[in-house]
Amino acid sequence: MLLSRFMQDRRGGVAPMFALAVIPIIGLTGAAIDYSRANSVRVGMQSAIDATALAMAKLAPTLTPSQLQTQTNAYFRAMFSHPEAKNLVITPSYTTTGGSQLTIAVSGTMDTTFMNVMGYSSLNIGSTSTVKWGNNRLRVALALDNTGSMASAGKIEALKTASKSLLTQLKTAATTNGDVYVSIIPFSKDVNVGKSNYNQFWVDFGDHGDYEGWDALNGDDVSNTTCTKKGKKTKCTTSTSWVPDNHNTWNGCVTDRDKENDVDNTAPVAGKAKTLFPAEQYDNCPVELMGLSYDWNALNAKIDSMYPAGNTNQTIGLQWGFQSLTAAPFTIPAKDPNYKYTDVVILLTDGLNTENRYDTDQDNIDQRTAKVCDNIKKAGITLYALQVNTGGDPTSKMLQQCATDAAKFFLVTSSSQIGTIFNQIGTNLSQLRIAK
C-alpha cells in the first residue's frame with residue numbers, strides 16, 4: 001500500500017528524474033569534448049605524417065624495409081608533438097608497381113576524460129599519407145635564345161644561372177635514371193647539330209629550290225688546263241670549275257627545312273629533300289645542341305658553353321625542341337607503358353623574330369613560329385614561353401598565344417626575374433603529389 005502511494009505521488013519527482021538524466025547528459029557532453037580532442041590529435045598526426053612521407057619519399061628506394069621502418073618511425077615521432085596519443089604504430093609501405101609509391105599508416109589510442117563514465121576508456125585514432133612519384137615521368141626540351149642581344153643587361157649570365165638551377169630541380173625530382181630527361185637547344189638564326197654529323201644522310205649540302213646549298217656557297221674555282229698535241233704543236237685550253245669544300249669543314253649549323261617541314265617533327269627520310277636539314281656555314285653558329293639525356297654534368301656543361309651571337313629565329317629553336325622529344329635524327333628513349341609521361345618545351349627568348357631561311361620580316365617569321373607552336377600543342381606537349389624584354393620591345397602577342405595557356409606565358413623585364421620564373425616552372429614540373 002505504501003509503495004503504491006509512493007508511486008502515485010507526483011511531489012518531488014524532478015530531483016530523481018534529473019539524477020537519472022544527468023549521467024547520459026554528462027556522458028554526451030563529455031563525448032563531444034573527447035572527440036574534439038581526438039580530432040585535434042588527428043590533425044596534428046596528418047600534418048606530421050604528410051611531412052614524414054615527403055621526407056622519406058626520396059630515401060625509400062635506397063633503404064631496406066628495416067631501415068625504412070626505423071627512419072620513418074624516428075622522423076614521425078620528431079614531427080608529432082601530442083603526448084596524449086599513445087600506443088603509436090607507424091607502418092611504411094614502399095612499392096614500385098606502376099610508379100614509385102610510399103604509403104605510411106599511423107595508428108594509436110587516446111585516453112578519454114569524460115567518456116569513461118559511459119564505459120569507453122580510450123578512442124582509436126589513425127591516419128595515412130601516400131606520396132606517388134615516378135608514375136609521371138618528365139621529358140623537357142629547353143629551347144634557349146643564344147642571339148647577340150642576349151649579351152646585354154646580364155641576360156646570358158642570368159639564363160645560365162637559371163637553367164642550371166632548373167636542372168638541379170629536375171635532377172632532384174628524379175628518383176631513378178630515366179625519370180627525367182632533358183634536351184638543350186641553343187638557337188640563333190640556325191641551330192648547331194654537330195659538325196661530326198657531316199656524313200649523315202639527314203644533313204643536306206645541296207640546293208633546295210631557290211635556296212643555294214652549302215656546296216654552292218663553300219668552295220673554290222679551280223682552273224683545269226687540258227693540252228692536246230697535234231704533230232709538233234701542242235694546244236692547251238684552260239677552264240674553271242667550282243669545287244665544293246670537303247664537308248668535314250662544315251661548322252655544324254643547319255637552317256630551316258623546306259616548308260612545311262620547318263614547323264613539324266617529320267623524321268628525315270633519305271632521298272626526300274624536303275625532310276632533310278639544309279647545312280649552312282652560318283658565321284654566328286651557336287653551340288651544339290644536346291638530345292635527351294640525364295647526364296646532369298654534361299647538361300650543365302652545355303649550359304656553361306653557351307654564348308650570344310646572331311639573329312633571332314624562334315621557329316627553328318622550337319622545331320628542334322619538338323624534334324628532340326619525338327623523332328629522328330634524335331634517338332628517343334622508349335616509353336614504359338607502366339608510366340605516364342609529360343613532355344614539355346620551354347622557350348626562352350629575349351627579342352622579336354628577325355631572320356630565318358626565308359625572310360627578315362618579323363610578321364612573316366612570326367607566322368612560321370605560330371605554326372610550330374600549334375603543332376607542338378596538338379602533339380600533347382606542354383609549351384612554356386618566356387619573353388625577356390629588357391629593351392622596351394612590345395609584348396609579343398604571338399608568344400602569348402604560343403604558350404599552352406595564359407599561365408604558361410611569362411613577360412620579364414629584368415634579367416634577375418629569369419631565375420624566379422625558371423624556379424616556378426621547375427617547381428610545377430617536379431612537385432610531388434600527396435594523395436590521401
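Position 1 is the first residue of the sequence, and the numbers go up from there. As the structure is a prediction and not an experimental result, all values here were calculated from the model.
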Quiz item: Between the side chains of Asn136 and Thr342, does any donor sit under 3.5 Å from an acceptor?
Solution: yes
Quiz prompt | Verdict with supporting geometry, Lys164 and Thr161, side chain to side chain donor-acceptor pair (under 3.5 Å) | solution = CA-CA 5 Å; Lys164 291 167 71 175; Thr161 301; over 6 Å; no
Self-check item: Ser414 and Ser416 side chains, donor-acceptor separation under 3.5 Å
Solution: yes
Quiz item: Is Lys371 salt-bridged to Glu260, cutoff N-O under 4.0 Å?
Solution: yes
Exercise. Using modelled atom types only, decide if a donor and an acceptor are shared between the side chain of Thr404 and the backbone of Leu383 within a distance under 3.5 Å.
Key: yes
Quiz prompt | Sidechain-backbone polar pair: Asp179 side chain, Thr176 backbone, donor-acceptor under 3.5 Å | solution = yes
Quiz item: Counting only N and O atoms by type, is there a donor-acceptor contact under 3.5 Å from the side chain of Thr369 to the main-chain atoms of Ile365?
Solution: yes
Quiz item: Has the side chain of Asp145 got a donor or acceptor atom that lies under 3.5 Å from a matching backbone atom of Asp350?
Solution: yes
Self-check item: Arg257 side-chain N/O to Leu276 backbone N/O, donor-acceptor pair under 3.5 Å
Solution: no
Quiz item: Can you check side chain to side chain donor-acceptor pair (under 3.5 Å) on Gln314 and Thr349, steps first, answer last?
Solution: CA-CA 7 Å; Gln314 295 155 6; Thr349 182; 3.3 Å; yes
Quiz item: If you measure from CG on Leu318 to CD on Gln323, what distance do you get to the nearest 0.5 Å?
Solution: 12.5 Å
Quiz item: Does the side chain of Gln367 pick up a donor-acceptor pair with the side chain of Asp363 at under 3.5 Å?
Solution: no
Quiz item: Between the side chains of Ser188 and Asn146, is a donor N or O closer than 3.5 angstrom to an acceptor N or O?
Solution: no
Quiz prompt | Between Thr354 and Gln362, a side-chain donor and acceptor under 3.5 Å | solution = no
Quiz item: Counting N and O atoms only, with roles assigned by atom type, does the side chain of Ser324 sit under 3.5 Å from a partner on the main chain of Gly321, one being a donor and the other an acceptor?
Solution: yes
Quiz item: Does the Gln281 side chain pair with the main chain of Trp214, one donor and one acceptor, at a distance under 3.5 Å?
Solution: no
Practice problem: Looking only at non-hydrogen atoms, find the nearest pair between Leu299 and Met290 and report the distance. | Solution: CD2-SD, 3.7 Å
Quiz prompt | Test log, rule side chain to side chain donor-acceptor pair (under 3.5 Å), inputs Thr395 and Asn389 | solution = CA-CA 8 Å; Thr395 301; Asn389 188 359; 4.9 Å; no
Quiz item: Salt bridge between Asp405 and Lys408, side-chain N to carboxylate O under 4.0 Å?
Solution: yes
Exercise. Check the pair Thr109, Asn124 against side chain to side chain donor-acceptor pair (under 3.5 Å), reporting the backbone distance first and the verdict last.
Key: CA-CA 5 Å; Thr109 61; Asn124 293 325; 5.8 Å; no
Exercise. Determine the sole option in Glu212, Arg357, Lys189 for which the side-chain contact (heavy atoms from CB on, under 4.5 Å) test with Glu280 is passed.
Key: Lys189
Quiz item: Under a 4.5 Å cut-off applied to non-hydrogen side-chain atoms, are Ile346 and Val140 in contact?
Solution: yes
Quiz item: Any sub-3.5 Å donor-acceptor pair from Arg139's side-chain atoms to Pro333's backbone N or O?
Solution: yes
Exercise. Look at the rings of Phe410 and Tyr384 and say which category their plane angle falls in: under 30° parallel, 30 to 60° tilted, over 60° perpendicular.
Key: parallel
Quiz item: Taking the inter-plane angle between the rings of Trp250 and Phe205 on a 0 to 90° scale, is it parallel (under 30°), tilted (30 to 60°) or perpendicular (over 60°)?
Solution: perpendicular
